[in-house]
*Asks:* 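Quick one: the structure is below, and I'll ask about it shortly.
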There are 2 protein chains.
Amino acid sequence: MARSEDGGDKKPLERLGVREIAKRVGVAPMTVSRVLSNPDMVAPATRAKVLEAIEAAGFVPNRLASSMKGNGRIIGTVVPPLINSGIAEQVQGMSDECQQGGYSMLLVQGEFTTEAEESSIRTLLGWRPAGMILQSFVQSEVARQLLVSSGAPVVEISEIKGRQPIDMVVGVSNFETAYAMTMHLAAKGYKRIGFVSTPIHGNDRLQQRRTGYHAALTELGIENHASLEVEVPITAAGGAEALVTLTERHADIDAIFFSSDTLAIGAVQECHRRAWAIPGRIGIAGYGDMDLAAQLYPPLTTVKVNRYEMGRRAVRQLLDRLGGKQKLATITSLGFEIVDRESA
Amino acid sequence: MARSEDGGDKKPLERLGVREIAKRVGVAPMTVSRVLSNPDMVAPATRAKVLEAIEAAGFVPNRLASSMKGNGRIIGTVVPPLINSGIAEQVQGMSDECQQGGYSMLLVQGEFTTEAEESSIRTLLGWRPAGMILQSFVQSEVARQLLVSSGAPVVEISEIKGRQPIDMVVGVSNFETAYAMTMHLAAKGYKRIGFVSTPIHGNDRLQQRRTGYHAALTELGIENHASLEVEVPITAAGGAEALVTLTERHADIDAIFFSSDTLAIGAVQECHRRAWAIPGRIGIAGYGDMDLAAQLYPPLTTVKVNRYEMGRRAVRQLLDRLGGKQKLATITSLGFEIVDRESA
DNA sequence: TGCAGTGATGGTACCGGAACCATTCTGCAA
DNA sequence: TTGCAGAATGGTTCCGGTACCATCACTGCA
């Protein structure tokens with residue numbers, strides 16, 4: 001076949017570089033490089049020839065090499081487990097925005113111990129990312145120091161109050177959301193409101209939600225009882241279990257505020273099993289407004305926070321900083337909405 | 001302060017390299033490099049001194065540089081949207097296994113046109129990944145060619161039958177699963193079974209499921225009617241809508257097989273709204289066995305496929321190949337299970 | 001005493017784009 | 001015709017870890 005003789009022959013990717021393309025076209029490597037990153041600097045005729053050769057050879061420029069010259073195009077992200085929470089939507093938002101900005105997203109995901117978190121951050125920084133997005137509780141001072149001294153801009157997606165941020169923050173006031181929902185429930189006439197969450201320890205978002213719940217009760221002149229609060233795993237079964245626990249403890253409990261829709265939905269199923277009317281026997285409120293919430297029978301009253309948008313905004317903050325549009329450490333608070341449906 | 005004089009002073013990450021560390025310790029750069037990748041080759045005393053200097057300086061080795069020498073430690077992944085399907089679990093499986101193997105996961109996620117898919121793959125290959133995992137329909141010949149000529153091992157997570165695989169495949173036989181569920185429904189006495197899926201065009205997993213459904217009906221001596229099939233978006237609302245459409249078309253329909261739990265759960269809610277008994281008025285079956293399925297009221301009969309394991313296995317295949325344990329293109333079929341609960 | 005064998009360490013080039021600066025060439029005003 | 005701005009292009013070096021090979025010290029054995 002003449003194929004291997006006509007200049008379009010394909011070497012494996014490993015052996016192809018700007019130098020090789022340059023040789024085939026008869027220009028300098030630098031010219032090929034310019035076609036890739038600053039096409040306008042190259043004469044149209046030359047550009048066309050180079051592009052043709054790139055196409056013919058199936059050349060894919062090596063991003064590692066250009067990154068080494070300080071043009072890193074990686075965004076490192078650390079997120080909690082994707083299952084059973086709004087995280088998936090958020091990751092989708094981050095991913096979409098990254099792609100649009102021409103960045104690639106390096107994802108580390110998991111439930112972290114201090115040690116594992118440190119190691120993950122270290123790995124990510126090894127890739128010399130242009131920026132980092134963390135949704136996780138940076139607890140260790142070492143991890144924090146690592147991030148600061150890396151010089152990369154950092155966005156934390158987290159509770160916007162409290163702990164001193166590393167750099168930028170995107171999030172909602174979990175205090176406000178929980179406070180608002182609790183007040184909302186009270187306004188609807190509920191007298192004895194329980195609070196269910198996933199394990200709170202070390203998670204400042206949940207801490208803030210609980211604090212908001214407490215603050216609302218106090219303002220209403222209701223005493224806080226630890227026995228009105230339960231922690232369960234973030235599963236539908238967990239929600240069902242919490243419902244049982246609380247109603248057994250307090251026969252007069254008339255509403256429960258779940259810190260996650262997943263839990264709330266599980267509780268609703270348990271009510272069906274027991275043929276308890278919702279909200280007749282008990283009111284149920286969730287958090288997150290996931291897709292199913294509106295379709296649920298009965299439709300779920302919940303706190304709507306736009307997780308997808310949160311992810312997008314986090315990346316946007318980063319890109320703005322990288323583009324020089326934004327120099328300062330900023331705190332972006334996204335709004336929220338109490339979606340009043342029928343379950344409470 | 002003496003801090004800046006004692007050899008432990010911190011430069012920004014950008015200015016730190018093995019050469020700098022080597023200079024501080026008084027050894028050759030090569031020795032530092034060895035401490036990082038082949039500690040056994042370095043005398044314990046020297047090693048200790050180097051590690052100490054690394055620690056003191058907060059040095060994080062640049063993975064870009066080592067990747068350029070052919071030791072790439074990136075795995076590139078392309079997955080469909082994370083929301084409302086088992087993809088999140090699968091990504092979690094992939095992520096866990098990558099971390100354990102010391103690889104970083106570059107994630108591209110979205111709903112792809114031929115063009116966008118090609119561009120995503122091109123971007124990923126630009127990072128010279130050690131391997132690629134694709135869950136998406138590689139439709140364009142160009143994308144395929146790109147992958148093949150990259151030389152990187154590729155795992156497709158997909159239907160295990162049909163299209164010629166690029167390299168390795170991990171998946172389930174969607175035909176078998178759908179066939180089995182349809183037969184199961186028939187065995188339970190359902191006579192007129194509808195089939196609901198998300199848009200099938202271009203998605204061979206769904207095509208295979210529908211074919212399995214058809215094959216079962218044919219074997220049962222039941223004629224296939226296109227009017228028994230509906231396509232809706234992958235949301236709970238979509239499932240509810242499909243239920244309405246099918247029952248209006250066929251008053252005698254007695255069971256519906258949904259190609260996703262999300263759809264089935266939406267349909268169950270619609271039944272509650274209409275006070276239709278499940279399975280008395282109509283039987284509902286899903287696909288995926290998501291967390292909520294078992295907790296649902298009534299519990300959802302569904303096809304269980306272990307998506308987390310699928311993700312893990314995909315990465316494992318890749319790592320085995322990279323480790324030289326496995327040279328051949330393999331097809332790994334994971335099992336499945338018909339989980340018979342009360343909804344059908 | 002001599003020399004092969006082994007383990008520890010050093011020097012240098014290289015991976016592949018791109019920054020930087022030098023050079024060549026074109027067009028046009030003086 | 002000369003001079004020169006400015007566009008197009010080329011040559012070289014660098015980023016930072018590591019493969020490859022050279023060197024050196026030291027042990028053991030003839």
*Asks:* With rounding to the nearest 0.5 Å, note down the distance linking CZ in Arg24(B) to CD1 in Ile54(B).
*Replies:*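 Separation between the atoms: 11.5 Å.
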*Asks:* Measure CG/Asn38(A) against P/dC20(C) and give the value in whole Å, please.
*Replies:*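 Roughly 12 Å, once rounded to whole Å.
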*Asks:* Restricting to side chain to side chain contact (heavy atoms under 4.5 Å, CB included), what partner residues turn up for Thr113(B), sequence neighbours left out?
*Replies:*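 Partners of Thr113(B) by the side chain to side chain contact (heavy atoms under 4.5 Å, CB included) criterion, ordered by chain and then number, come out as Glu115(B), Ala116(B).
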*Asks:* For the helix from dT1(C)-dA30(D) to dA30(C)-dT1(D), what is the angle between the axes at its two ends, each from 5 pairs, rounded to 10°?
*Replies:*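 Inter-axis angle at the termini of the helix from dT1(C)-dA30(D) to dA30(C)-dT1(D): 60°.
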*Asks:* Cut-off 3.5 Å, no hydrogens considered: what does the side-chain donor-acceptor table look like for residues 62-76 of chain B, sequence neighbours left out?
*Replies:*
residue: Asn62(B); atom: OD1; partner: Leu64(B); partner atom: N; Å: 2.7
residue: Asn62(B); atom: OD1; partner: Ala65(B); partner atom: N; Å: 3.3
residue: Ser66(B); atom: OG; partner: Arg63(B); partner atom: O; Å: 3.3
residue: Ser67(B); atom: OG; partner: Arg63(B); partner atom: O; Å: 2.8

*Asks:* Taking only residues two or more places apart in sequence or in another chain, which ones pass side chain to side chain donor-acceptor pair (under 3.5 Å) with Thr31(B)?
*Replies:*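 By the side chain to side chain donor-acceptor pair (under 3.5 Å) rule, Thr31(B) matches no residue at all.
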*Asks:* Classify Pro61(B) by what it touches in the nucleic acid, base, sugar-phosphate, or nothing, heavy-atom distance under 4.0 Å.
*Replies:*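 Counting heavy atoms under 4.0 Å across all strands, the contact made by Pro61(B) is with sugar-phosphate only.
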*Asks:* Regarding dG17(C), can its base be found pairing with the side chain of Arg63(A) as donor and acceptor, where the two atoms are less than 3.5 Å apart?
*Replies:*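 Answer no: no donor N or O sits under 3.5 Å from an acceptor.
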*Asks:* Atom NZ of Lys23(B) and atom P of dG10(C): how far apart are they, to the nearest Å?
*Replies:*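 Between P of dG10(C) and NZ of Lys23(B): 15 Å.
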*Asks:* Please enumerate all residues that pass side chain to side chain contact (heavy atoms under 4.5 Å, CB included) together with Arg19(A), with sequence neighbours excluded.
*Replies:*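 Result, side chain to side chain contact (heavy atoms under 4.5 Å, CB included) vs Arg19(A): Pro29(A).
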*Asks:* Please list, for nucleotides 6-9 of chain C, all pairs of protein and nucleotide N/O atoms separated by less than 3.5 Å.
*Replies:*
residue: dT9(C); atom: OP1; partner: Thr46(B); partner atom: OG1; Å: 2.4
residue: dT9(C); atom: OP2; partner: Ala43(B); partner atom: N; Å: 2.9

*Asks:* For DNA chain C, whose closest nucleotide is more 5', that of Arg19(B) or that of Met68(B)?
*Replies:*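 The answer here is Arg19(B).
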*Asks:* Considering residues at least two apart in sequence or located in another chain, which fulfil the salt bridge (charged side-chain N to carboxylate O under 4.0 Å, His left out) criterion with Glu309(A)?
*Replies:*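 For Glu309(A), the residues satisfying salt bridge (charged side-chain N to carboxylate O under 4.0 Å, His left out) (neighbours in sequence not counted) are Arg312(A), Arg313(A).
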*Asks:* For dA19(C) and Asn71(A) - does any side-chain N or O of the residue sit under 4.0 Å from the phosphate oxygens OP1/OP2?
*Replies:*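 Checking Asn71(A) against dA19(C): at least one side-chain N or O falls below 4.0 Å of OP1 or OP2.
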*Asks:* Give each protein N/O atom lying under 3.5 Å from an N/O atom of nucleotides 23-28 of chain C, with the pair distance.
*Replies:*
none

*Asks:* Can you tell me if Gln109(B) uses its side chain to pair, donor with acceptor, with the backbone of Pro80(B) under 3.5 Å?
*Replies:*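 No, because the side chain of Gln109(B) does not come within donor-acceptor range (under 3.5 Å) of the backbone of Pro80(B).
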*Asks:* Quick one: side chain to side chain donor-acceptor pair (under 3.5 Å) partners of Arg321(A), sequence neighbours excluded?
*Replies:*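 Per chain and number, Arg321(A) pairs via side chain to side chain donor-acceptor pair (under 3.5 Å) with Asp167(A).
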*Asks:* Taking side chain to side chain contact (heavy atoms under 4.5 Å, CB included) as the definition, give me every residue that meets it alongside Glu141(B), ordered by chain and number, with sequence neighbours left out.
*Replies:*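 Applying side chain to side chain contact (heavy atoms under 4.5 Å, CB included) to Glu141(B) gives Arg144(B), Gln145(B).
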*Asks:* Less than 4.5 Å apart, any side-chain heavy atom of Met310(B) and any of Val170(B)?
*Replies:*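 Counting from C-beta outward, Met310(B) and Val170(B) do come under 4.5 Å.
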*Asks:* Rounded to whole Å, please give me the gap between CE in Met30(B) and C1' in dC24(D).
*Replies:*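 Interatomic distance, CE of Met30(B) to C1' of dC24(D): 17 Å.
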*Asks:* Over how many whole Å does the gap from Leu16(A) atom CG to dG16(C) atom P extend?
*Replies:*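 My rounded result for the distance is 9 Å.
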*Asks:* What integer distance in Å separates Lys69(B):NZ from dC14(C):P?
*Replies:*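 To the nearest whole Å, that distance equals 9 Å.
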*Asks:* Side-chain atoms of residues 38-52 of chain B: list all donor-acceptor pairs with protein atoms under 3.5 Å, sequence neighbours left out, distances to 0.1 Å.
*Replies:*
residue: Arg47(B); atom: NE; partner: Pro39(B); partner atom: O; Å: 3.2
residue: Arg47(B); atom: NH2; partner: Val42(B); partner atom: O; Å: 3.2

*Asks:* Base, sugar-phosphate or nothing for Ser37(B)? Non-hydrogen atoms, less than 4.0 Å.
*Replies:*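 Sugar-phosphate, backbone atoms only, no base.
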*Asks:* Roughly, in whole Å, what's the span from CG in Leu64(B) to C1' in dG17(C)?
*Replies:*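 Rounded to whole Å, this separation is 12 Å.
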*Asks:* Test of understanding: with salt bridge (charged side-chain N to carboxylate O under 4.0 Å, His left out), list the residues that count as partners of Arg316(A), not counting sequence neighbours.
*Replies:*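 So Arg316(A) forms a salt bridge (charged side-chain N to carboxylate O under 4.0 Å, His left out) with Glu97(A), Asp320(A).
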*Asks:* State whether Ser33(A) places a side-chain N or O below 4.0 Å from either non-bridging phosphate oxygen (OP1 or OP2) of dA18(C).
*Replies:*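 Affirmative; the distance criterion is met.
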